[in-house]
There are 2 protein chains.
Amino acid sequence: MARTAGSHSDITGPRVREAALSLFAQHGYAAVSMRRIAQDVGVQAGALYNYTPDKQSLLFDLMRGHMDDLLQARALEPQSATPLDCLEDFSRFHIRFHLERPLAVFISYMELRNLTPENFATIEDLRRRYESELETILRDGRDTGVFDVADTKITTLAIIAMLNGVNTWYRSGGRLSLPEVEAIYWGMVHKAVT
Amino acid sequence: MARTAGSHSDITGPRVREAALSLFAQHGYAAVSMRRIAQDVGVQAGALYNYTPDKQSLLFDLMRGHMDDLLQARALEPQSATPLDCLEDFSRFHIRFHLERPLAVFISYMELRNLTPENFATIEDLRRRYESELETILRDGRDTGVFDVADTKITTLAIIAMLNGVNTWYRSGGRLSLPEVEAIYWGMVHKAVT
DNA sequence: GTCTATATAGAGATAGAC
DNA sequence: GTCTATCTCTATATAGAC
């Protein structure tokens, strides 16, 4: 209650991240100035440094948070019994999760170049951890004879690339509903590996 | 023969584009200065403006040239008779073409945001023209009963997204040869649409 | 065609008042 | 916690000498 006038720490912090997310996605990290972010938040540029030590940390926190969310959400999903069901779960989860946060997805892919080497290594490690979950499913399915995949590593990357593509065109309220999109993509993934 | 000392128009022009291509791909358009490009070329920054009216034109020319090359190379490919053969031709052509010029491919995808609206519209038109070639193949195959595709537009984008993914990991001299990579991806595309 | 020099603008980040 | 003011650096682009 008894707050200093003009003190909005708990409000401003999230607003800074939201503004940065939106602006980085629209124009790219390097093209967005701290002044422009401050403008969107409604503060002066200097005030941003109460919430981030520098611009790089702002980008890294967004990407790190996105990858953490991804791995955590995946871990909370129910586990199916067969490789085929696991693959369907993964495909539908991936589409759903990524369509729910297009800006964070976009940044996490496009701005890898603008991370410092240390930050890049951290994000890449998280990404590889996620991809390895799919590869494990493919290997299990191949070893038990239900999948026909030439190379599990390449098939992993091919499936993820295909599923990621949905973010380039899907708009909610468009021609197709989310369940329809999930079904179409799952159909293609299913056929591609059997 | 009788040239002015220090005059290298026919040499410097291509070198400017090469340096810009490499630097834009590595660091991103917005993060690369004209001074940095000039440094790579071995001239002063002012000299670059003999070869491009501004930085934006430099980016646009690279992307425009890439899309022109793509459509021209595609037009020169032999035309197969059946939709299935056409799809195989397209898939293999796409992989081969894109793996031959990874930097231009990377820029043409990543730097769309940094084009002016007019330049963006031009590039997008060329991209759609290329994608429509694949969609035509898919529609022909579906209409003649050889392909089983739920939605030709989405399948077009899904296939292209999957094929584009090869550029994120392939390195010549690696574990797999180009023909092997083509065969693996064609196998997945083939199964996904039949 | 390239150079040096510069006009003009905007960047990231910090200091100190309130 | 936010403001104003500012330090320092770098950006794109142009002008004019050679």
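Lettering follows sequence order; numbering is per chain, from 1.
Computed from coordinates, the B/Leu48 CG to D/dT14 C1' distance equals 13 Å when rounded to whole Å. Between the NE2 atom of A/His27 and the P atom of C/dA11 there is a distance of 12 Å, rounded to whole Å. In this structure, the CZ atom of A/Arg35 is 14 Å from the P atom of D/dC7, given to the nearest Å. The distance between atom OH of A/Tyr51 and atom C1' of C/dG12, rounded to the nearest whole Å, is 19 Å. In this structure, A/Gln44 atom CD and C/dA17 atom P are separated by 19 Å, rounded to whole Å. Remark: C1' of D/dA11 and CZ of B/Arg36 are 15 Å apart, rounded to the nearest angstrom. Atom P of nucleotide C/dG1 and atom CG of B/Asn50 are separated by 6 Å, given to the nearest angstrom.
Contact check on B/Lys55 versus B/Glu111 returns no salt bridge, with no Lys/Arg side-chain nitrogen under 4.0 Å from an Asp/Glu carboxylate oxygen. Using a 4.0 Å cut-off between charged nitrogen and carboxylate oxygen, B/Glu18 and B/Arg15 do not count as a salt-bridge pair.
Counting only heavy atoms from C-beta on, A/Lys55 has its side chain closest to C/dA13 among C/dA13, D/dA13, D/dC3. For B/Tyr49, counting side-chain heavy atoms from C-beta on, the closest listed nucleotide (D/dT4, D/dT14, C/dT2) is D/dT14. Considering only the side chain of A/Val43, D/dC3 comes nearest among C/dA13, D/dC3, C/dC3.
Phosphate proximity of D/dA11 to B/Ser33: present, with a side-chain N or O under 4.0 Å from OP1 or OP2.
A heavy-atom distance below 4.5 Å is not found between the side chains of A/Val146 and A/Leu84.
Heavy atoms only, all atoms of each residue included: B/Val16 and B/Ile37 are closest at O-CG2, 4.2 Å.
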